[in-house]
Amino acid sequence: MPAPLAARETVTVIVTEEWVASGSARFVPAGLAVERQAIARYGPFRVIDGRRAALVDVTDSASPAQFGAMLRDFPAIETLEMVECPGTEDDRANLALGRMIRAAGIATHVPPRGSVRSGAVELFLAGADRRIDDGAEFAVHSWIDEDGREARDYAPDAAIHAPYIAYYREMGMDEAGARAFYAMTNSVGFADAKWLRAEEMRRWLGQEPAPEGPAPASGARPSDHRAPRIAYLDLGVALP
């Protein structure tokens with residue numbers, strides 16, 4: 001399964017001196033803005049008000065039940081703000097959670113500086129309406145199984161690929177699009193990451209036309225991302 005693109009041990013720290021030295025506004029005390037606004041907490045979910053919740057941490061096997069409890073208590077929630085989403089520790093539970101988001105008709109929204117990585121990308125795709133603000137970022141990488149094998153270690157027609165392609169089809173992609181997106185997510189190894197800007201992810205969703213100028217280098221991060229490592233936190237982003 002894909003591992004979260006951030007270490008769980010770093011949930012309350014600012015990582016890399018290079019980022020601190022850059023003076024980036026991204027690095028404020030972890031979770032400060034979201035936690036300040038939250039009126040209820042359910043695992044990695046924070047209820048902001050009667051109509052909005054935020055995802056601010058790794059999902060795991062308990063997340064579907066926590067999401068269900070949140071909707072039971074706040075049935076009018078209509079938008080999931082994806083603020084700091086490192087990924088998942090349980091692929092099966094994560095796909096089940098995505099289907100719950102879609103079945104509930106909840107929109108997904110990545111605000112400026114929102115970060116959606118690894119298995120959290122599947123949750124973003126689950127939105128009944130999917131909105132990406134400029135300045136948002138995404139990252140994907142190959143899954144890895146319990147034996148240390150990655151997607152590329154299996155034949156293209158191996159059954160292990162089918163659940164992901166079926167999920168993308170459920171989320172609205174046609175067969176060709178689902179296979180292309182799945183191949184893109186596995187185009188870099190488990191220990192690496194392919195970073196996508198807001199406009200690049202919009203193009204995968206058919207929401208933005210292809211650029212007229214030269215395309216950016218594949219997998220390149222936006223120019224303000226000088227730190228080479230993946231693990232970082234951005235829980236202080238203020239929600240709109």
Side-chain angles (χ1 to χ4, degrees), residues 4-15 19-20 24-90 93-139 198 230-240:
L5 289 185
R8 269 185 92 78
E9 303 83 66
T10 63
V11 294
T12 59
V13 299
I14 297 171
V15 304
W19 273 104
V20 175
S24 171
R26 298 172 70 86
F27 291 98
V28 296
L32 179 61
V34 173
E35 297 296 348
R36 184 169 55 234
Q37 297 178 68
I39 60 175
R41 297 163 178 79
Y42 297 81
F45 301 101
R46 302 291 181 267
V47 178
I48 305 305
D49 55 42
R51 296 187 179 277
R52 293 185 303 155
L55 179 61
V56 297
D57 202 353
V58 176
T59 65
D60 57 24
S61 59
S63 297
Q66 292 162 339
F67 182 79
M70 180 177 71
L71 291 190
R72 179 197 65 213
D73 297 341
F74 296 89
I77 287 176
E78 57 189 26
T79 300
L80 180 64
E81 305 281 356
M82 303 194 72
V83 178
E84 164 56 27
C85 312
T88 187
E89 294 180 347
D90 187 325
N94 196 61
L95 295 183
L97 175 59
R99 291 182 172 102
M100 292 175 69
I101 292 171
R102 175 58 64 93
I106 291 174
T108 51
H109 174 220
V110 189
R113 300 182 185 143
S115 186
V116 179
R117 312 190 292 282
S118 191
V121 172
E122 275 72 51
L123 301 183
F124 167 72
L125 293 176
D129 178 55
R130 297 168 289 197
R131 293 176 287 129
I132 306 169
D133 288 350
D134 289 341
E137 68 177 12
F138 298 79
I230 296 167
Y232 70 93
L233 294 180
D234 189 18
L235 297 187
V237 175
L239 294 174

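When every heavy atom of G98 is checked against every heavy atom of A126, the shortest pair comes out as O-CB, 3.1 Å. Smallest separation of non-hydrogen atoms from G135 and A198: N-CB, 4.3 Å. Smallest separation of non-hydrogen atoms from S63 and P44: OG-CG, 3.9 Å. Of all non-hydrogen atoms in A54 and V83, the two that sit nearest each other are CB-CG2, 4.2 Å. Between S118 and P86, the shortest heavy-atom distance links the atoms CB-O, 3.5 Å.
For R99, the side-chain contact (heavy atoms from CB on, under 4.5 Å) partners at least two apart in sequence or on another chain are L95, Y167, E170, M171.
Within the 4.5 Å cutoff, no side-chain heavy atoms of C85 are placed close to those of R117. Using a 4.5 Å cut-off on side-chain heavy atoms (C-beta onward), V110 and R131 make no contact. Put simply, the side chain of R130 reaches to within 4.5 Å of the side chain of F124, judged on heavy atoms.
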Practice item. Apply side-chain contact (heavy atoms from CB on, under 4.5 Å) to the pair E81 and I48, showing each step before the final yes or no. Key: CA-CA 9 Å; E81 305 281 356; I48 305 305; 5.6 Å; no
Practice item. Mind running side-chain hydrogen bond (donor to acceptor under 3.5 Å, both in side chains) on R113 and S115 for me, showing each step along the way? Key: CA-CA 6 Å; R113 300 182 185 143; S115 186; over 6 Å; no
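A donor-acceptor contact shorter than 3.5 Å is absent between the side chain of D60 and the backbone of D90. In this structure a side-chain-to-backbone donor-acceptor pair under 3.5 Å is present from R46 to G43. At least one donor-acceptor pair closer than 3.5 Å links the side chain of R41 to the backbone N or O of E35. Between the side chain of R52 and the main chain of T79, no donor-acceptor pair closer than 3.5 Å is present.
Rounding to the nearest 0.5 Å gives a distance of 8.0 Å between CG of L80 and CG of L123. To the nearest 0.5 Å, atoms CD (E122) and CD1 (I101) are separated by 11.0 Å.
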May I have the list of side-chain donor-acceptor pairs in residues 66-75 shorter than 3.5 Å, sequence neighbours left out?
{"from": "D73", "atom 1": "OD2", "to": "Y42", "atom 2": "OH", "distance (Å)": "2.6"}

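Looking at D129 and H109, their side chains never bring a donor and an acceptor atom within 3.5 Å of each other.
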